There are 2 protein chains.
Amino acid sequence: MTTRDHAVLRLAVDLAILTVRENALQALVITRGNEPFRNRLALPGGFLREGEDLHAAAVRELDEETGLDGDAIHLEPLGTYGHPDRDPRGRVVSVAYLAIAPDLPTPEPGSDAAEAAWMPVAETRGRLAFDHDGILSDAVERARIQLEFTNLATAFCGPTFTVGDLRNIYEVVWDRPLDPRNFSRKVLNTSGFVKPTGQKRIPQIGRPAALYQRGDQRTLNPPILRSTTATH
Amino acid sequence: MTTRDHAVLRLAVDLAILTVRENALQALVITRGNEPFRNRLALPGGFLREGEDLHAAAVRELDEETGLDGDAIHLEPLGTYGHPDRDPRGRVVSVAYLAIAPDLPTPEPGSDAAEAAWMPVAETRGRLAFDHDGILSDAVERARIQLEFTNLATAFCGPTFTVGDLRNIYEVVWDRPLDPRNFSRKVLNTSGFVKPTGQKRIPQIGRPAALYQRGDQRTLNPPILRSTTATH
DNA sequence: GCAAAAGTGTTCTTCTTACACCCATGA
DNA sequence: TCATGGGTGTAAGAAGAACACTTTTGC
């Protein structure tokens, strides 16, 4: 047939990259160098290329815009955002990915982005271009849930970490205090969550803590649940 | 710029429509009337139209291909499938939706589909066109999880149902037997899951059962968890 | 009364929570 | 010895699992 029975569109890949920095949940945002929304904050992203797989595009954008190694960093599909009016340039459907990174030095700005920087998620609310506020909210909610049922928290840490480090991730992402003693037991009783390295980290003050690395078990059994009777 | 820096592609919406029929988890499959994969089984779906929202496209396809009312049926985004070689016609990225329907009369075949029919999910394995086997597997896994944390099970039932009906949904979808007595208590103790109608259903044999309708609470608290110490 | 499915009571166990208490280190 | 954070013990309460038992109907 010659008549077009489908929409002409472009497909973008956008990244919600989260980390815990300075005791706050932070997201990587760029300042847009081009129209539309020039000089506005946005999530890093770009268009899908010819013959390119979606996940590969996410890995490429992560590298291009932030210098992070997509193969080393937790990266998972988050959702697809396709409202017809979401991009003033025309029909652009965006596949969003959630990336979790350890606390790293400030990323190097990439080609498209005038500037890339970590910013506390709370400070981004209402300030992002396109529908990126919504994407970031969804990303944070997803991360909060994933902490309960997967070992995602270890992706926020470096190669080795203490139970205290891990607890700090949970406290910051969930925005609620946890009992250090019960948390410790829960983590160590959840088989495959973490693996002892035999090493210890000596802090400037206080008792040395055992160092762990990420375990093999992606899904936690039993899970680390947010209590329903929370303090609030 | 004049050079193209993005992929030319079409966007499809595919539907994984699940129901419980004859004590089996069944999916709605069509027999394809056109190439590619002519006469092969596939999930219903079609291309996104000009200016059409993704969710609206899913509702439209549901109506066109099955006659089901998309506004009355549970419909949620499942994932996006974009492998470059997934469609022999060229680059087609598919946004898949999960739909849950009560046990209904055999759907009427639509325009594009030579035939639409319910088929037990177990019988579809390895027989679907494109990457639809994978999409359907993801749909089933999503449904299993959603039964734990949301009132999705009520979407499998008609407007009113008994606790026994609801238990049957869980047993079929999870493929494991549940204790009727404990299940009953769990459901009724989970506030907002179901709402009593005051009516009773008189069976051909046995004690009448109270009829309920879906409650207001979409997310269940406490959840109905699959036991980890399962029989198998 | 009997069959069948609905629903309640009860016990055992496991998980969660709260918190007292001890441990290992540097200053 | 003190401050600091790491880590164990333990008892009360909540939730889940297993199952004996009662209820309500049609036949």
Side-chain angles (χ1 to χ4, degrees), chain A residues 23 147-149 153 157 160-172 174 176-191 193-213 219-232, chain B residues 23 147-149 157 160-172 174 176-191 193-213 220-232:
Chain A
N23 265 333
L147 287 198
E148 297 188 274
F149 301 102
C157 301
T160 66
F161 48 86
T162 67
V163 175
D165 294 340
L166 206 57
R167 177 167 49 82
N168 189 244
I169 301 296
Y170 276 87
E171 292 185 327
V172 167
W174 284 353
R176 72 174 57 173
L178 298 173
D179 186 300
R181 301 155 291 186
N182 292 334
F183 181 84
S184 172
R185 238 175 325 211
K186 246 181 184 173
V187 167
L188 300 177
N189 284 342
T190 299
S191 79
F193 189 2
V194 297
K195 202 161 46 177
T197 63
Q199 308 283 99
K200 284 193 185 301
R201 176 190 295 167
I202 288 108
Q204 287 172 336
I205 196 164
R207 171 175 169 177
L211 278 169
Y212 297 89
Q213 52 189 278
T219 62
L220 301 183
N221 193 335
I224 313 282
L225 296 172
R226 291 182 273 188
S227 74
T228 55
T229 61
T231 339
H232 174 239
Chain B
N23 264 333
L147 286 199
E148 297 189 274
F149 301 102
C157 301
T160 65
F161 48 86
T162 67
V163 176
D165 294 340
L166 205 58
R167 176 167 50 83
N168 188 244
I169 301 296
Y170 276 87
E171 292 185 326
V172 167
W174 283 352
R176 73 175 56 174
L178 298 174
D179 186 301
R181 301 155 292 187
N182 291 335
F183 181 84
S184 172
R185 240 175 323 211
K186 247 182 185 171
V187 167
L188 300 178
N189 285 341
T190 299
S191 79
F193 189 1
V194 297
K195 202 160 45 177
T197 62
Q199 307 285 98
K200 283 194 184 301
R201 176 190 295 167
I202 288 107
Q204 287 170 338
I205 196 165
R207 171 176 171 177
L211 279 169
Y212 297 88
Q213 52 188 278
L220 301 183
N221 192 336
I224 312 282
L225 296 172
R226 291 182 273 189
S227 74
T228 55
T229 61
T231 341
H232 168 241

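Naming: A, B, ... by sequence-line order, numbering from 1 per chain. The structure presented is a predicted model; accordingly, all values stated were derived computationally and were not measured.
- If you check distances only, the side chain of R185(A) does reach the base of dT10(D) with a donor-acceptor pair under 3.5 Å.
- The CG-P distance, from L225(A) to dT16(C), rounds to 7 Å in whole Å.
- Taking atom CG of residue N221(A) and atom P of nucleotide dT14(C), one finds them 15 Å apart after rounding to whole Å.
- In this structure, CZ of F183(B) is placed 19 Å from P of dC19(D), rounded to the nearest angstrom.
- One can place CG of N182(A) at 13 Å from P of dG9(D), the figure rounded to the nearest angstrom.
- Salt-bridge check for E171(B) with R176(B): failed, with every basic side-chain N at 4.0 Å or more from each acidic carboxylate O.
- At whole-Å resolution of the value, CZ in R181(A) and C1' in dC21(C) are 9 Å apart.
- Side-chain proximity of D179(A) to the nucleotides dG6(D), dA6(C), dC19(C) is greatest for dC19(C).
- Which of dG7(D), dG26(C), dT16(C) sits closest to the side chain of V163(A) comes down to dG7(D).
- One interatomic measurement links the two molecules: CG of D165(B) to P of dG7(C), which rounds to 11 Å at whole-angstrom precision.
- Looking at heavy-atom distances under 4.0 Å, R201(B) makes no contact with the nucleic acid at all.
- Nearest to the side-chain atoms of A210(A) among the listed nucleotides dG26(D), dG26(C), dG7(D) stands dG7(D).
- If you take CG of N189(B) and C1' of dG16(D), they are 12 Å apart, rounded to a whole angstrom.
- Closest approach to the P208(B) side chain among dG26(D), dT16(C), dT24(D) is made by dT24(D) (side chain taken as heavy atoms from C-beta onward).
- Taking atom CZ of R207(B) as the reference point, atom C1' of dC2(C) lies 17 Å away to the nearest angstrom.
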